[in-house]
Enquirer: 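The following block contains the structure, expressed as structure tokens.
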Amino acid sequence: MYDLAFVRGNLPLVEERLGRRGIDPSLLRGFSTLDAERRSAITEAETLKAQRNALSAEFGRLKREGADTSLIAAQTSALKEKTEQLEALAAQADQKLRTLLESLPNLPHPSVPVGASEHENICQKTWGEIPNFDFPARPHWEIGEQLGILDFERAAKISGARFVLQLGSGARLERALANFMLDLHTQEHGYVEVLPPSLVNSCSLFGTGQLPKFAVDLFHCDDRGPYIPGELQESDHWLIPTAEVPVTNIFRDEAIDLSCGSISFTAYTPCFRSEAGSYGKDTRGMIRQHQFQKVELVKFTRPEDSYAEHEALTRHAETVLERLGLPYRRMLLCTGDMGFSSAKTYDLEVWLPGQQTYREISSCSNFESFQARRANIRYRPAGASKAEFVHTLNGSGLAIGRTYLAILENYQQADGSVRIPQALVPYMNGETVITRQSFGRAL
RNA sequence: GGAGAGAUGGCCGAGUGGCUUAAGGCGCACGCUUGGAAAGCGUGUAUACCGCAAGGUAUCCAGGGUUCGAAUCCCUGUCUCUCCGCCA
């Protein structure tokens, strides 16, 4: 969400930047009228209220003196009616204005290339050697199922499509990755580990920008009744689509201390996504699941630090891939491919030999003050009397499921076994290769 | 799930219909005092919105209601605490 006064004072700029995102600037056409309507209604209503307050004080004085008060009582009653009408008018205009502003995506940073789709993203770097196998590279679902560590059929029986059951060394690999990533970020990159709730209320989802527009992408619990579109509650429950939501909302409605620099959190959580609208896409394997686990990086920074922190955070995510020896490239997303709340995003894409393609494994964004304004997260700049909105950033560091399958595909061997990257061996209790294993399945 | 008690400024806490945006204390900031510090004394200390400004409006958990007038009375909701039940 943008600052009202900023939009008012910079309408052409806002329209131009929205245009870059492919948003029709005529959306803002009603802004000026609505803004004027709102302001005049507020001014009038407040003038009347001031009169009413003065009369009420007078009433109290007369009452104490035992004088007649019937005239003033009648006057205030009449004023009250008029005031209420004007207030309703102001509230209506305010609501419309708010709805308009809340529906607009963040303005792209000037360094973001203009483009309509992912095809216009810019590759900024590539890292690592693409493996050259002397046997046909297989996709992870074949590798995992043959090793007995991934079971998609039974997961479908238990829960339905887009779930996976991990077993034995396969389950352990997931845990090893989580621990490896958390240790790296806490011990070498200065993040504080947090373990947030996996269910959040709708106010939190509004704060990070998922609500009200993207409700269909989320799982909603009906323990407090159905979701009424647009209604924000503090007591309903949604499954988190990413740890970004609970972690960014840690400081919702607070003023935090950034005098010593940024605050950095890392969190390992499950993530739940409805994947509505992705029917038939990535149906095989564990690329696109209703549930996956992710280690997330979140930063709260002063505005002047946020772009340097964005580069740092992205490097932190890249370091995970480099330590694991997984080839990747860094893409600077164009305006048309960025998420709703982001001002600038880098995607990290890992090489998947089984599919001969790069796939997104991390998305690192600077939201500037967009989320902070929605979630009301502020800080007091040194020497300033007024609190300002912080900048928030986050990135996957990394999505575990996709890291997992990248390891299966990049470290596969001719005999179907999978080597464990050196950095993970200590987390695998010394295991260096995953070989075929069975767990009660008739072989 | 049942019963009860609460929610007031950065913090503690007073306040049961008008003189309360809110006593008092703590904290913090500035000044005086001091060789320096502490103590002491004094002054100040929320946010948002409207307004060119003077100033005004709103906010005592949230939303409704009663009233000429609500922090205060009524209703609903949320959260916290205590006890009981159930439970990893």
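By convention in this document, chain letters (A, B, ...) are assigned in the order of the sequence lines, proteins followed by strands, and residues within each chain are numbered from 1.
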Enquirer: When rounded to the nearest Å, what value does the distance between C1' atoms of B:rC60 and B:rU47 take?
Expert: 14 Å
Enquirer: Name all residues meeting the salt bridge (charged side-chain N to carboxylate O under 4.0 Å, His left out) criterion together with A:D282; count only those two or more places apart in sequence or in a different chain, and write none if there are none.
Expert: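 A:D282 satisfies salt bridge (charged side-chain N to carboxylate O under 4.0 Å, His left out) with A:R288, A:R359 only.
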Enquirer: Going by an N to O cut-off under 4.0 Å, is there a salt bridge joining A:E102 and A:R373?
Expert: no
Enquirer: Between B:rC75 and B:rU21, how far is it from one C1' atom to the other, in whole Å?
Expert: 27 Å
Enquirer: Looking at residues at least two apart in the chain, or sitting in another chain, which of them share a side-chain hydrogen bond (donor to acceptor under 3.5 Å, both in side chains) with A:E296?
Expert: A:K294
Enquirer: Considering residues at least two apart in sequence or located in another chain, which fulfil the salt bridge (charged side-chain N to carboxylate O under 4.0 Å, His left out) criterion with A:K344?
Expert: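 None.
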Enquirer: Can you sort out the partners of A:H185 under ring pair (Phe, Tyr, Trp, His ring centres under 6.0 Å), two or more places apart, ordered by chain and number?
Expert: A:H189, A:Y191
Enquirer: Hey, is A:R8 close enough to A:D35 for a salt bridge, meaning N to O under 4.0 Å?
Expert: yes
Enquirer: Taking the basic N atoms (NZ, or NE/NH1/NH2) and the acidic carboxylate oxygens, is any pair closer than 4.0 Å for A:K49 and A:E46?
Expert: no
Enquirer: Using the P atom in both, what is the distance from B:rA53 to B:rG35, to the nearest Å?
Expert: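 So the two P atoms sit 48 Å from each other.
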Enquirer: If you measure from the Lys or Arg side-chain nitrogens to the Asp or Glu carboxylate oxygens, is any gap between A:E153 and A:K157 under 4.0 Å?
Expert: no
Enquirer: Mind running a 4.0 Å heavy-atom check of residues 34-47 of chain A against RNA chain B and sending the residues that fall below it, in number order?
Expert: A:R38, A:R39, A:I42, A:T43, A:E46
Enquirer: If the C1' atom of B:rA14 is compared with that of B:rA71, how far apart are they to the nearest Å?
Expert: 12 Å
Enquirer: Do any side-chain atoms of residues 142-150 of chain A form donor-acceptor pairs under 3.5 angstrom with protein atoms, and if so which ones, sequence neighbours left out?
Expert:
unit_1, atom_1, unit_2, atom_2, d
A:Q146, OE1, A:R138, NH1, 2.8

Enquirer: Between A:Y227, A:F219, A:F272, which is the residue that forms a ring-ring contact (aromatic ring centres under 6.0 Å, His included) with A:W238?
Expert: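 It is A:Y227, the one option of A:Y227, A:F219, A:F272 that forms the ring-ring contact (aromatic ring centres under 6.0 Å, His included) with A:W238.
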Enquirer: Using a heavy-atom cut-off of 4.0 Å to chain A, what are the terminal contacting nucleotides of RNA chain B, in 5' to 3' order?
Expert: B:rG18 to B:rU78
Enquirer: Given that A:Q51 and A:L4 both sit by RNA chain B, which one's nearest nucleotide is further toward the 5' end?
Expert: A:L4
Enquirer: By ring pair (Phe, Tyr, Trp, His ring centres under 6.0 Å), which residues pair with A:W141, not counting sequence neighbours?
Expert: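 By the ring pair (Phe, Tyr, Trp, His ring centres under 6.0 Å) rule, A:W141 matches no residue at all.
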Enquirer: Have a look at A:R373 and say if it touches a base, only the backbone sugar-phosphate, or nothing, with a 4.0 Å heavy-atom cut-off.
Expert: nothing
Enquirer: Sequence neighbours left out, what passes side-chain hydrogen bond (donor to acceptor under 3.5 Å, both in side chains) with A:R175? Give chain and number order.
Expert: none
Enquirer: Would you kindly compare A:R378 and A:E234 by the position of their nearest RNA chain B nucleotide and give the one closer to the 5′ end?
Expert: A:R378
Enquirer: Give me the stems containing RNA chain B, sorted by first residue, counting only three or more consecutive Watson-Crick or G-U pairs with both distances under 3.5 Å; say none if there aren't any.
Expert: B:1-7 with B:78-84, B:10-12 with B:24-26, B:27-32 with B:40-45, B:46-50 with B:55-59, B:61-65 with B:73-77
Enquirer: Scan A:S56 against the nucleic acid and name what it touches under 4.0 Å (heavy atoms): base, sugar-phosphate only, or nothing.
Expert: base
Enquirer: When the C1' atoms of B:rA70 and B:rC12 are considered, how many whole Å apart are they?
Expert: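 Going atom to atom, C1' in each nucleotide, I get 25 Å.
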Enquirer: Rounding to an integer number of angstrom, what distance separates B:rG64 and B:rG55 when you compare their C1' atoms?
Expert: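 Pairwise C1' distance, B:rG64 against B:rG55, rounds to 32 Å.
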Enquirer: Any non-hydrogen side-chain atom of A:Y379 less than 4.5 Å from a side-chain atom of A:P303?
Expert: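 SC-SC contact between A:Y379 and A:P303 confirmed.
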Enquirer: With rounding to the closest Å, how many angstrom separate the C1' atoms on B:rC84 and B:rG25?
Expert: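 My reading of the C1' atoms in B:rC84 and B:rG25 gives 38 Å.
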Enquirer: Rounding to an integer number of angstrom, what distance separates B:rC11 and B:rC28 when you compare their C1' atoms?
Expert: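 Each nucleotide's C1' atom is 11 Å from the other's.
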Enquirer: Side-chain polar contacts of residues 250-265 of chain A - donor-acceptor pairs under 3.5 angstrom, sequence neighbours left out - could you list them?
Expert:
unit_1, atom_1, unit_2, atom_2, d
A:R252, NE, A:N249, OD1, 2.8
A:R252, NH2, A:N201, OD1, 3.4
A:R252, NH2, A:S204, OG, 2.9
A:D253, OD1, A:N376, ND2, 3.2
A:D257, OD1, A:S259, N, 2.9
A:D257, OD1, A:S259, OG, 2.6
A:D257, OD2, A:S259, OG, 3.4
A:S262, OG, A:E309, OE2, 2.5
A:S264, OG, A:K299, NZ, 2.9

Enquirer: Does anything in residues 80-100 of chain A reach RNA chain B, meaning a heavy atom under 4.0 Å, and if so which residues?
Expert: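 Contacts with RNA chain B under 4.0 Å: A:K80.
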